[in-house]
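Both ligands and their constituent atoms are indexed starting at 1 by order of listing. Quick caveat: nothing in here was measured; it's all calculated off a predicted structure. Heavy-atom basis, side chains included; hydrogens, waters and symmetry copies ignored.
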Amino acid sequence: VVFGVDNNGDGVADEIYAKNGRTGEIEFGGTNASTVIQTALNNIATTGGTVFIKRGNYIIDSKILLPNNISEGEDKMIQLIGDNVIFTVSSSLADNVIELNAVNKVAYHYRISGLHIYPSSKNSSYYNILINNSLNIYLDHLVLGWQGLKITNSALIYLDSIYIVDSHNEGILLSNDEIVVGSNIILDNVGGYGGEEYNGIHIQSSNRIFLNNFWLFGQKDSKGGQAYGLYLFGVSQSRFSNFQIDGFKMGSIRLTKGERLGFSNFHVVDSDTYGFEIVSFDGNISDLEISTFSITAGLKGIAFWAQNGNHIRNVIISDGVIRDMPSGYGITLGDDSSSGASCTHVIVRNVIFDTLNKGIEEGFHSDYNQFIDNQFISVSDPIYKVGSHTRVANNIGYVTENSGNAIVANNDYIAHGLASTPTKILLTANSTEPRILQVIFQNSTHFQVGFWNASNSPPSPITVSEPIFWYAEV
Ligand SMILES: [Ca+2]
């Protein structure tokens with residue numbers, strides 16, 4: 001048990017003691033909190049145990065190194081637990097504040113909890129907590145100011161109730177990690193508070209990342225939010241749910257490589273460019289599920305950009321709203337024309353596109369897609385289709401199939417009401433007399449019927465209008 005005594009009443013501990021929690025004896029102490037905490041940790045380095053720090057404000061002037069040689073075994077857990085402790089990190093510390101750099105990635109078992117860390121150097125090169133090469137890490141009830149959290153080459157990471165504010169670098173950076181479970185995470189004014197281009201959460205070359213219930217706030221017009229809210233490069237078998245992203249300059253979500261990813265129950269607003277950018281810049285992207293969402297106020301809602309011969313395929317976008325981008329696009333599927341760079345098997349359904357310039361646009365190498373059951377409101381150009389196998393059906397605001405009864409004579413026109421020139425028109429005459437009924441002309445608004453009485457030889461034009469039924473589709 002570490003506790004401090006504030007002699008001069010300024011709220012900062014001046015004398016720091018370490019008491020043996022089992023015997024109640026004070027074993028050592030001093031005027032330097034870093035030294036006392038480090039010594040306490042070192043004393044349990046091989047056996048495991050808990051360093052509990054009592055409530056207070058402690059000056060930290062050297063890096064706290066978590067023991068990296070704990071012996072194997074889950075019972076050897078080491079815990080660094082604060083009772084709402086503040087670490088005021090002095091400006092002389094040009095380093096990470098708490099660091100675990102494990103020797104071997106074998107059965108480490110750590111928990112860090114209950115700390116508020118404020119480094120006064122505000123240095124984008126360093127993180128408040130850096131974990132490398134470790135297993136079984138629990139981080140919870142933490143407040144990290146000015147610098148973020150970085151976890152690399154690690155697995156089995158649990159993050160809960162973490163607040164990161166005003167970070168000058170990545171709010172959370174995960175690299176080469178596997179199995180990260182995080183929830184209740186708030187990042188407030190992160191992404192380069194110092195004006196540099198950083199992201200809210202940046203994940204690279206990692207698998208099985210499950211983040212739930214998080215809020216990423218960039219405040220781009222102030223100092224944070226200089227890059228993306230959620231930046232994913234080489235991330236697979238992961239899910240992100242129940243989240244909001246607000247105010248990042250480059251976009252809310254960017255994915256450049258990955259597969260088997262789910263994004264659900266989210267709202268993204270106020271990026272200068274993209275709501276969700278899916279760019280196969282670094283490798284193929286496949287098997288995405290994007291559902292139950294809203295994207296508002298940017299330049300493009302969901303932008304696909306197949307590049308460098310890499311495809312984007314097997315994507316389901318459903319149950320969403322993309323709106324309020326009068327000069328922008330809802331969903332655009334683009335590619336750089338390189339061989340193999342294509343956007344295929346993209347299903348868009350039950351999405352409302354409201355107040356946009358273009359709704360859904362296919363690019364040069366887009367095909368085998370489905371745009372079904374969507375609604376277009378105040379969209380100048382709802383669907384621009386290229387792919388010969390792409391199916392567009394049953395959308396409101398972009399009519400692709402229509403039918404009706406009409407009373408017509410030979411050479412009469414019928415307005416079909418379709419979004420473009422029909423490719424298929426079926427006509428049926430009601431009369432029980434023999435009739436010849438066929439389409440003789442069609443354009444983007446009408447078709448013209450040829451209508452003859454086949455009782456006569458040769459057939460004579462119908463001059464007195466008769467009822468017919470018509471069906472037309474694009
Ligand atoms: Ca004091």
For OD1 in Asp6 and OD1 in Asn8, the angle at the Ca ion (ligand 1) (nearest 10°) is 80°

Distance-only criterion, 3.5 Å: show the donor-acceptor pairs between side-chain atoms of residues 241-251 and protein atoms not counting sequence neighbours.
| unit_1 | atom_1 | unit_2 | atom_2 | d |
| --- | --- | --- | --- | --- |
| Ser241 | OG | Asn212 | OD1 | 3.0 |
| Asn242 | ND2 | Asn212 | OD1 | 2.6 |
| Lys249 | NZ | Gln226 | OE1 | 3.2 |

From the N, O or S atoms in Asp14, identify the one nearest to the Ca ion (ligand 1). OD2

Specify whether an N/O/S atom of Asn7 falls short of 3.0 Å from the Ca ion (ligand 1). no

Cation-aromatic face contact Lys385/Phe371, 6.0 Å, 45 degrees: no

So, do Ile81 and Phe52 sit near enough that their side-chain heavy atoms are less than 4.5 Å apart? yes

Say you draw a straight line from CD1 of Ile185 to CG of Leu216; how long is it, rounded to the nearest 0.5 Å? 8.5 Å

The Ca ion (ligand 1) contact by Ala13, N, O or S atom under 3.0 Å: no

Side-chain donor-acceptor contacts of residues 339-350 below 3.5 Å, not counting sequence neighbours, with atom names and distances?
| unit_1 | atom_1 | unit_2 | atom_2 | d |
| --- | --- | --- | --- | --- |
| His345 | ND1 | Asn314 | OD1 | 3.4 |

Which single N/O/S atom of Asp10 lies at minimum distance from the Ca ion (ligand 1)? OD1

